Amino acid sequence: MSEKSTGNNVSFTDQDALLFHQEGKPGKLEVVPTKPMTTQRDLSLAYSPGVAVPVRAIAEDPNRAFDYTTRGNMVAVISNGSAILGLGNLGALASKPVMEGKAVLFKRFADVDSIDLEVDTNDVDEFINSVRFLGPSFGGINLEDIKAPDCFIIEQKLREVMDIPVFHDDQHGTAIIAAAGLINALHLTNRDVKDIKVVCNGAGAAGIACIELIKAMGVPHENVLLCDTKGVIYKGRAEGMNQWKSAHAVETDRRSLAEALKDADVFLGVSVKGALTAEMLKGMAPNPIIFAMANPDPEITPEEAHEIRDDAIVATGRSDYPNQVNNVLGFPYIFRGALDVHATTINDEMKIACAEALAQLAREDVPDEVAAAYRGTRPRFGPEYIIPVPFDPRLISTIPPAVAQAAMDSGVAKRPIVDMQSYAARLQGRRDPIAGTLQRIVSKVRQAPKRIVFAEGEEDAVIRAASTFVNQGLGEAILVGREDEIRANAASAGVDINRPGIKIENARVSSKAGSYAEFLYSRLQRKGYLQRDCQRLVNNDRNYWASIMVARGDADGMVTGLTRNYSVALETIRKCIDEKPGHRVIGVSLVINRGRTVLVADTAVHEMPTSEELADIAEEAAHVARRLGYEPRLAMLAYSTFGHPAGERTTRLQEAVKILDRRRVDFEYDGEMGADIALNMDKMSNYPFCRLTGPANVLVMPAFHAASISTRMLQELGGSTLIGPLLVGLDRPVQIVPMGAKDSDIFNMAAIAAYNVT
């Protein structure tokens, strides 16, 4: 079973990739309704007869389709599979996983809804007609993985016959990000765009798009030499030419790539590994700018380049090197801005605006979560930071406004935005909170990797999660169980555990068994346990073994729960690990729904908390919210709101609020109140005395059963994502997954254990 590496210590097997796409619902997308469909009235409004009203409105004014349908936020990702990644022409159906993936990226990074369409033809005219007649369905078209020169013809014709943006990302995506990096590289080396000499190696879709864009930015035509496998494209050359190459032919006596690079300022590579040699690089101008963008292996690696020229600025397409030219920095945000002003096309002005905004963003001080991605080294604008990173949270509020403004200024926007500042603020709320939260956690852990015990080490899902934990660079994974069983199951699952960072602990053969039993006996001897009882628990119960490892400092944290109930696992853990001084052990669940994150407590421990316990739970939950990057606005929930209807059970919550008053806590809180009031500012406005300045993002439930029922119901009904319960308040980091959890869930909880939310 082959193993792939994608940089940043991220690797996976073929089996991992197949399982990822197969588990749960096959594929990576689903359709979720945005309107309620629960009553007869809902159905009447959604379909017949109510749907006739917007139908007539759109027939009278086609622009109303943007108001009454998904068109204004819908992009089609379309391919015929004629150039899939680096795999060649494998056909339309084989391209579907890639197109689904592109659709997921649209949603993840810019909240653009997207659907993939695979057109089963290699005939250019048939492809064009297939797409153009579907135009009314979408607000934009993203073409992908179409071979050259067909891609040029297809994009050009579709842009002529359609009144919505048509964008071939394989061409323009690479060009835009490279242009952003080039702007900053020129700034750092005090060059003027009108004076530089550029050599581009690779005359396919991306290469030609790169030089077209930099020429639009001001690089003179005669200052650019385009090369392909046959050498320099010069005026009069006949071999291997087409109209797109001919457009960039220049008068020159240089014929080879080596000759072209003599005294050149910039190398743009979209070709093959090793194309840029040491001798070629030596002959370039001072402070050469190298964009070696061949994937997965660049034309020259940064190490090789810097060994030859320590004055070089180097960018690649790789995530494990600085200055990654990554298309995800561009296409989601370009379409976001284009859709929001109902642009009829994506023109050069919009592409340049995107490049300039990216360049400017790289010059600004970076937030903590971007610094975390650099393993604790805060990147600053310079030779190794000329391009922002994909998880920079500012991209969503920086790039679309620049693109939208360029669309308006160039006259292709049908619905201009009046208040760009408010628009930028709205964009910030579109970012996927769950992926952002988990990415922040993973990035932080990479700065200080941890040793995490996986208590149920013989289970396939646990083995895969442990392997991912190590592959992601989060630290060491310790699998507890019988070594022969673990190795057999790992082999069956296609996971290589014979690598640094994965260890196996078997209590029955470990030299630590005696000392672990003594440790447990010292804690339980006055609670009815004999020494032989403790020895038996240590030898036979993996949760005891894992908990004691963490308690004694032989590991930094643990994850368990796959094969036993939450309460059973927690009971074992609490016999080995104490509460953290000044804290209370509780469960906090994260509920994510339509881009909104709410923390719910206590979802795991206290069945019917007292007023004092409710106040403790509130403080603990608010602390967790801050650890996860949210400023808490906390609501004490009940069936009543501020005394109505009156009831005996609400007095505990009212008293808990008074206790928080006396403690003078430093976060917003109020209650008791109904969930609808806490989460809806319009309803909350009926109570002007309420202390919350916005919808609550931390909900303290009146009892465990209410918390458990509500969160599980939301998860099972669909539309919401649930993480947790996160176990907090213990003196050592421990997380318990739900029974039957997937390997991705186990990995997430292992990362959270390593991060330590307490």
Side-chain angles (χ1 to χ4, degrees), residues 5-11 174 177-191 193 195-202 206-207 210 214 225 227 256-326 329 358-359 361-363 366 370-371 373-390 392 446-447 473:
S5 177
T6 62
N8 264 343
N9 295 315
V10 179
S11 60
T174 300
I177 313 310
L182 180 60
I183 290 169
N184 280 336
L186 295 178
H187 177 83
L188 288 169
T189 56
N190 297 311
R191 288 178 166 106
V193 71
D195 299 327
I196 60 172
K197 296 179 180 180
V198 180
V199 175
C200 179
N201 192 48
C210 282
I214 64 171
L225 292 181
C227 300
S256 68
L257 176 61
E259 291 175 0
L261 281 166
K262 185 64 176 174
D263 297 323
D265 298 290
V266 180
F267 171 81
L268 299 177
V270 279
S271 51
V272 295
K273 174 183 178 181
L276 180 60
T277 67
E279 288 303 314
M280 294 177 189
L281 181 53
K282 287 177 183 177
M284 291 183 68
N287 301 306
I289 299 167
I290 311 299
F291 281 74
M293 298 177 286
N295 258 326
D297 298 306
E299 286 82 357
I300 191 170
T301 67
E303 296 97 331
E304 293 167 340
H306 288 135
E307 185 176 345
I308 301 159
R309 297 289 299 267
D310 59 8
D311 59 341
I313 295 177
V314 185
T316 72
R318 291 272 294 265
S319 63
D320 51 345
Y321 290 125
N323 301 326
Q324 184 192 12
V325 179
N326 190 330
L329 289 167
L358 283 167
L361 186 61
R363 300 184 197 183
V366 302
V370 175
Y374 280 75
R375 303 192 180 207
T377 302
R378 185 175 295 275
R380 295 188 181 279
F381 178 59
E384 294 201 340
Y385 185 67
I386 59 173
I387 303 172
V389 292
D392 191 320
R446 283 199 185 116
Q447 296 177 50

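Model, not experiment: these values are computed from the prediction.
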Participant: To the nearest 0.5 Å, what is the distance between CD1 (Ile313) and NE2 (His306)?
Facilitator: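 Taking CD1 in Ile313 and NE2 in His306, the distance rounds to 8.0 Å.
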Participant: To the nearest 0.5 Å, tell me how far Leu261 CG sits from Leu281 CG.
Facilitator: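 Here the rounded value is 8.5 Å.
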Participant: Is there a donor-acceptor pair under 3.5 Å between the side chain of Asn201 and the backbone N or O of Gly269?
Facilitator: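 Looks like no, no N/O pair under 3.5 Å.
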Participant: First locate atom CD1 of Ile386, then atom CD1 of Ile289, and finally report the distance between them rounded to the nearest 0.5 Å.
Facilitator: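 With rounding to 0.5 Å, CD1 (Ile386) is 7.5 Å from CD1 (Ile289).
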Participant: Counting C-beta onward and ignoring hydrogens, is there a side-chain heavy-atom pair between Ile214 and Leu268 closer than 4.5 Å?
Facilitator: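 The answer is yes; the side chains approach within 4.5 Å.
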Participant: Report yes or no: does Asn323 contribute a side-chain atom to a donor-acceptor pair with the main-chain N or O of Pro383 at less than 3.5 Å?
Facilitator: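 Answer holds: yes.
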Participant: Measure the OG1-CZ distance between Thr174 and Phe291 for me, rounded to the nearest 0.5 Å.
Facilitator: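 Here the interatomic distance stands at 12.0 Å.
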Participant: Who are the side-chain contact (heavy atoms from CB on, under 4.5 Å) partners of Lys273, not counting sequence neighbours?
Facilitator: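 For Lys273 the side-chain contact (heavy atoms from CB on, under 4.5 Å) partners, ignoring immediate neighbours, are Asp297.
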Participant: How long is the straight-line distance from CG of Asp263 back to CE of Met284, given to the nearest 0.5 Å?
Facilitator: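 Separation between the atoms: 9.5 Å.
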Participant: Do Ile308 and Lys282 make a side-chain contact, defined as non-hydrogen atoms from C-beta onward lying under 4.5 Å apart?
Facilitator: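 Sidechains of Lys282 and Ile308: in contact.
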Participant: Going by salt bridge (Lys or Arg N to Asp or Glu O under 4.0 Å), name the pairs with one or both residues in residues 304-314, residues two or more places apart or in two chains.
Facilitator: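 For residues 304-314: Arg309-Asp311.
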Participant: Measuring from Ile387:CD1 to Leu361:CG, what's the distance to the nearest 0.5 Å?
Facilitator: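 Here the rounded value is 12.0 Å.
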Participant: Do Phe267 and Met280 come within less than 4.5 Å of each other through their side chains, counting heavy atoms only?
Facilitator: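 Contact flag for Phe267/Met280 side chains = no.
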